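Values below: all heavy atoms of this structure, side chains included; hydrogens, waters and symmetry mates excluded. Owing to the predicted nature of the structure, the values given are computational and were not obtained by experimental measurement. The first residue in the sequence is number 1, and the count goes up from there.
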Amino acid sequence: MKTIAIVVTYNRLELLKQCVRSLQDQTKAVDAILVVNNGSTDGTAEWLKSQSDLLVHTQENLGGAGGFYHGMQKSLELGYDWSWCMDDDCVVASTAFEELDKHLHQTGNIYGSVAISETDNQKLAWYTKVKLRGQWVTTNEASCLQEEVVETTSIPFLGFCIHKSTLQKIGLPLKEIFIWGDDAEMCLRARVKYNLHLFYVTGSRIYHPQTHYVSIKVMGQCVKAVQASPVKRLYEYRNNVFLLKKHSSISEFYFKSLPKILFRLVLQNVLIDKDTSWAGWKKQIGAIRQGLGAKLGQIKME
């Protein structure tokens with residue numbers, strides 16, 4: 001069984017070097033490392049040309065979604081059995097692939113390494129929904145993941161590992177998403193349409209910057225929102241609307257999912273960002289309309 005590690009990068013050369021070095025220092029080596037260069041302009045292309053032991057695919061900036069689309073496509077073309085995907089801003093623990101490889105025997109499942117906060121190894125890099133003792137819980141406590149394999153609802157393209165037969169069955173990532181939600185869409189497709197299961201291998205660890213949240217209380221409930229730039233927020237709204245509409249019933253989407261997204265938009269602007277300018281609201285409503293109309297691709301900023 002041959003495994004290829006796929007790293008998508010854009011203008012983060014020093015981080016890319018750290019990531020690649022950690023992949024090269026595994027206690028059990030992967031069979032190949034493929035770097036998908038999304039048109040970097042910071043010297044990445046020149047550095048990659050000097051690396052004789054890396055596979056390289058260079059393209060224009062197609063976002064993370066376009067990067068992983070072409071990376072997994074290349075993996076299929078080259079005949080690798082497993083594709084192990086990650087961003088360039090992570091450091092892979094030396095035993096990560098050795099631990100992951102112990103469980104790569106059921107090709108119909110999707111597996112993932114666990115993302116650990118690089119600044120606090122007791123925390124996960126983000127809140128994660130997992131099945132613990134038969135109950136679904138959302139946690140960021142690494143100590144909660146005590147079983148060797150833990151089921152989850154979604155694995156980001158950071159340690160995401162998929163077999164070629166499963167990839168051929170469910171299809172490649174939706175490259176038109178560009179950024180934010182491409183991994184969620186693929187996992188939702190795998191679970192809802194193909195009834196597949198996703199598992200974290202808890203001994204396989206990847207260290208990643210901590211996701212920052214803002215917490216506020218609304219009607220007695222604590223609501224957590226990911227801190228993100230205004231541009232990424234547009235992709236969040238558009239892509240969430242698109243994928244929920246695509247994978248939900250009409251009634252569930254219009255009477256539950258869409259109102260929830262609109263409520264979150266108001267909450268984000270009024271209580272978190274404290275931005276009530278018409279220009280900001282107009283862009284966000286426009287992003288939601290694009291999601292409703294399945295108008296994807298890179299969002300053009302005026």
Residue list, ring-ring contact (aromatic ring centres under 6.0 Å, His included) with [X], at least two apart or on another chain:
X      : answer
Tyr235 : Phe178
Tyr194 : none
Tyr69  : none
Phe97  : Trp84

Once rounded to the nearest 0.5 Å, what's the spacing between atom [atom1] of [X] and atom [atom2] of [Y]?
X      : Y      : atom1 : atom2 : result
Thr44  : Asn37  : OG1   : CG    : 5.5 Å
Leu62  : Lys175 : CG    : NZ    : 9.0 Å
Ile206 : Leu158 : CD1   : CG    : 5.0 Å
Gln284 : Arg233 : CD    : CZ    : 8.5 Å
Glu176 : Lys295 : CD    : NZ    : 15.5 Å

Query raised in the report: What orientation do Phe157 and Phe160 show, parallel under 30°, tilted 30 to 60°, or perpendicular over 60°?
Result: perpendicular
Report task. Return the set of residues passing side chain to side chain donor-acceptor pair (under 3.5 Å) with Lys245 (not counting sequence neighbours), or none when no residue passes. Result -> none
Query raised in the report: Any side-chain hydrogen bond (donor to acceptor under 3.5 Å, both in side chains) pairs touching residues 45-54, not counting sequence neighbours?
Result: Gln24-Asp53
Query raised in the report: How would you list all residue pairs meeting side-chain hydrogen bond (donor to acceptor under 3.5 Å, both in side chains) that involve residues 133-147, not counting sequence neighbours?
Result: Lys123-Glu141
Going by the rule salt bridge (charged side-chain N to carboxylate O under 4.0 Å, His left out), which residues pair with [X] if we only count those two or more places apart in sequence or in a different chain?
X      : value
Lys246 : Glu185
Asp183 : none
Lys74  : none
Arg12  : Asp88, Asp89

Is there a side-chain contact between [X] and [Y] (heavy atoms, below 4.5 Å)?
X      : Y      : answer
Leu34  : Leu78  : no
Phe68  : Asp87  : yes
Asn269 : Leu265 : yes
Cys187 : Leu198 : yes
Leu172 : Leu167 : yes
Leu145 : Leu124 : yes
Thr3   : Leu100 : no
Leu174 : Phe242 : yes

Query raised in the report: After noting the C-alpha distance and the side-chain angles of Tyr213 and Tyr127, does the key distance pass the ring-ring contact (aromatic ring centres under 6.0 Å, His included) rule?
Result: CA-CA 10 Å; Tyr213 296 85; Tyr127 280 88; 5.1 Å; yes
Quick one: do [X] and [Y] end up in the same hydrophobic cluster if we chain Ile, Leu, Val, Met, Phe, Trp and Tyr together by side-chain heavy atoms under 4.5 Å apart?
X     : Y      : answer
Tyr10 : Leu54  : no
Met86 : Phe199 : yes
Val35 : Leu15  : no
Leu16 : Ile179 : yes

Report task. Return each pair, listed once, that meets salt bridge (Lys or Arg N to Asp or Glu O under 4.0 Å) where at least one residue sits in residues 15-31; pairs must be two or more places apart or across chains. Result -> Glu14-Lys17, Lys28-Asp101
Report task. Would you sort out whether Tyr111 and Gln106 count as a side chain to side chain contact (heavy atoms under 4.5 Å, CB included), showing the intermediate values? Result -> CA-CA 10 Å; Tyr111 294 94; Gln106 294 190 24; 3.6 Å; yes
Report task. Mind running side chain to side chain contact (heavy atoms under 4.5 Å, CB included) on Met72 and Met186 for me, showing each step along the way? Result -> CA-CA 12 Å; Met72 292 186 211; Met186 192 170 181; 4.1 Å; yes
Look at the side chain of [X] and the backbone N and O of [Y], then say whether any donor-acceptor pair between them is shorter than 3.5 Å.
X      : Y      : value
Gln26  : Ala93  : yes
Asn239 : Trp180 : yes
Ser204 : Ser113 : no
Ser117 : Ala125 : no

Report task. Decide if atom CD of Glu148 counts as having more than 12 heavy atoms of other residues, nucleotides or ligands within a radius under 6.0 Å. Result -> no
Query - Heavy atoms from other residues, nucleotides or ligands near CD of Gln168 exceed 12 (cutoff 6.0 Å) - result: yes
**Report entry** Residue pair Thr27 / Glu98, side-chain donor-acceptor N/O under 3.5 Å
**Finding:** yes
**Report entry** Exercise: do Gln59 and Asn38 side chains pair donor with acceptor under 3.5 Å
**Finding:** yes
Query raised in the report: Please walk me through it: do Asp81 and Lys2 pass salt bridge (charged side-chain N to carboxylate O under 4.0 Å, His left out)?
Result: CA-CA 5 Å; Asp81 299 290; Lys2 295 168 58 181; over 6 Å; no
Requested in this report: Test side chain to side chain contact (heavy atoms under 4.5 Å, CB included) on Leu196 and Lys169 and set out the steps.
Outcome: CA-CA 11 Å; Leu196 301 183; Lys169 179 179 180 180; 4.2 Å; yes
